[in-house]
Trainee: 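Quick one: the structure is below, questions incoming.
Bear in mind the structure is a predicted one, so any value in this text is a computation, not a measurement. Order of the sequence lines fixes the chain letters, A, B, ..., with proteins taken first and strands second; residue numbering starts at 1 for each chain.
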Amino acid sequence: MSTDDKQEKAAAPIATDDWQGAVSDWGSDKQVFNMPWGKLMMWLFLLSDTFVFSVFLIGYMNVRMSSMDSWPLTSEVFALTIAGHHIPLVLIAIMTFILITSSGTMAMAVNFAYRGDRRKTVLFMTATALLGASFVGMQAFEWTKLIVEEGVRPWGNPMGSAQFGATFFMITGFHGLHVTAGVIFLLVIARRVARGHYEGKGYHIVEITGLYWHFVDLVWVFIFALFYLW
Amino acid sequence: MSQITNKDVVPGEVEQTQPKLHPISLYLKIWALLFVLSTMSYMVDYFEVQGLLRWTLILLFMSLKAGLIITIFMHVRWERLALKLVLFLPPLAIVVFISLMAIEGDYTFVNRLFSFISV
């Protein structure tokens with residue numbers, strides 16, 4: 001193809017976003033996805049991570065379905081007594097609200113980044129990281145309570161089916177690692193934004209970081225529903 | 001499906017590689033909605049709803065929350081179909097896997113019943 005043809009392609013209006021548009025995106029002599037490569041790579045990573053978490057949750061479903069013992073009552077296992085009131089599953093509910101709030105602040109950080117408001121971007125990214133860190137802290141508290149007070153182990157527990165501990169530590173542990181990695185990722189990028197590292201390069205990096213963070217929240221939605229509430 | 005894609009785009013933001021700027025209020029609304037949905041799913045447990053209704057409500061609130069996060073927070077609503085296909089076609093294999101493992105789990109359970117519980 002000659003250079004003239006290429007320029008003609010580049011100048012051509014973007015195809016409509018229907019099935020024909022998708023065919024033209026894949027079929028034309030150009031890059032398929034009109035986005036920065038980092039964003040596409042993040043999407044592909046998240047797609048692969050979807051499979052990893054799905055396999056964990058499917059494994060959990062399989063052992064829970066085939067278990068002969070009764071499954072421990074999660075709303076009782078994760079209940080807390082606050083000021084004399086016995087509230088079921090309260091810690092997990094607080095953790096859920098914290099993670100959703102952090103997703104909200106992240107979405108706003110992305111928005112401010114594209115508006116070019118560096119100060120607010122750094123502020124909201126730091127807030128997101130702090131909320132994420134408090135989530136991990138609460139998870140550490142939850143694990144300690146379960147291991148020390150309730151005697152839950154990966155190979156057994158006093159409340160019922162032995163598979164409970166194995167799936168609990170595997171699934172929440174892997175999610176907790178994702179949150180921890182996300183907090184570090186957020187702080188590193190926030191620091192670089194604060195130093196003006198992305199001036200002139202564009203702020204797609206904040207959206208890419210945001211995609212990762214929202215995914216961590218997304219996974220928690222499934223864990224909360226399928227592990228804690230089911 | 002295809003008509004909704006560029007409805008909310010701010011005029012002038014036509015280039016695909018350029019991000020579309022939505023008002024902050026959109027994110028605050030979605031945030032509030034996610035809070036309400038989370039509270040409702042917590043209420044399912046708090047009021048000890050049991051049986052089929054419990055499972056239906058849990059899955060309903062879960063899907064709504066996941067949908068809001070993916071479409072609005074992760075901006076998938078404003079992405080092109082080419083990317084949506086990449087994101088949503090492969091996970092169909094997961095649906096097949098879930099069905100297979102559900103059948104397998106049920107089979108294991110029934111066999112354990114027959115083997116370990118003497119009549």
Trainee: Measure A/Tyr203 against the heavy atoms of chain B and call it side chain, backbone, both or neither at under 4.5 Å.
Mentor: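 Looking at A/Tyr203, nothing touches chain B.
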Trainee: Of all of B/Pro91, B/Ser63, B/Gly105, B/Ala93, which one pairs up most often with chain A through heavy atoms under 4.5 Å apart?
Mentor: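 Sorted descending by pairs with chain A, the first entry is B/Gly105.
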Trainee: In terms of heavy-atom proximity below 4.5 Å to chain B, should A/Thr96 be classed as side chain, backbone, both, or neither?
Mentor: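 Side chain only.
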Trainee: For A/Leu47, is it the side chain, the backbone, both or neither that has a heavy atom under 4.5 Å from a heavy atom of chain B?
Mentor: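 Side chain only.
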Trainee: Which residues in residues 47-57 of chain B have a heavy atom less than 4.5 Å from any heavy atom of chain A?
Mentor: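 So far as heavy atoms go, B/Arg54, B/Trp55 are the residues that approach chain A to under 4.5 Å.
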Trainee: Just give me the residue among B/Leu28, B/Val44, B/Leu59 that pairs up with chain A most often, heavy atom to heavy atom, under 4.5 Å.
Mentor: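 Looking at each option in turn, the highest pair count goes to B/Leu59.
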Trainee: Please enumerate all residues that pass side-chain hydrogen bond (donor to acceptor under 3.5 Å, both in side chains) together with A/Ser67, with sequence neighbours excluded.
Mentor: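 Applying side-chain hydrogen bond (donor to acceptor under 3.5 Å, both in side chains) to A/Ser67 gives A/Ser161.
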Trainee: Under 4.5 Å heavy-atom distance to chain B, tell me which part of A/Leu44 shows up: side chain, backbone, both or neither.
Mentor: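 Just its side chain gets close to chain B.
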Trainee: If the condition is ring pair (Phe, Tyr, Trp, His ring centres under 6.0 Å), which residues does A/Phe135 pass it with, not counting sequence neighbours?
Mentor: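 Counting only residues at least two positions away or on another chain, A/Phe135 forms a ring pair (Phe, Tyr, Trp, His ring centres under 6.0 Å) with A/His175, A/Trp220.
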Trainee: Taking ring pair (Phe, Tyr, Trp, His ring centres under 6.0 Å) as the test, write out the residues that go with B/Phe88, two or more places apart.
Mentor: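 Per chain and number, B/Phe88 pairs via ring pair (Phe, Tyr, Trp, His ring centres under 6.0 Å) with no residue.
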Trainee: Please look at A/Arg64 and chain B and tell me whether the side chain, the backbone, both or neither of the residue comes under 4.5 angstrom of a heavy atom of that chain.
Mentor: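 Neither part; nothing is under 4.5 Å.
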Trainee: Is the A/Tyr60 ring parallel, tilted or perpendicular to the A/Phe227 ring (thresholds 30°, 60°)?
Mentor: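 A/Tyr60 and A/Phe227: tilted rings.
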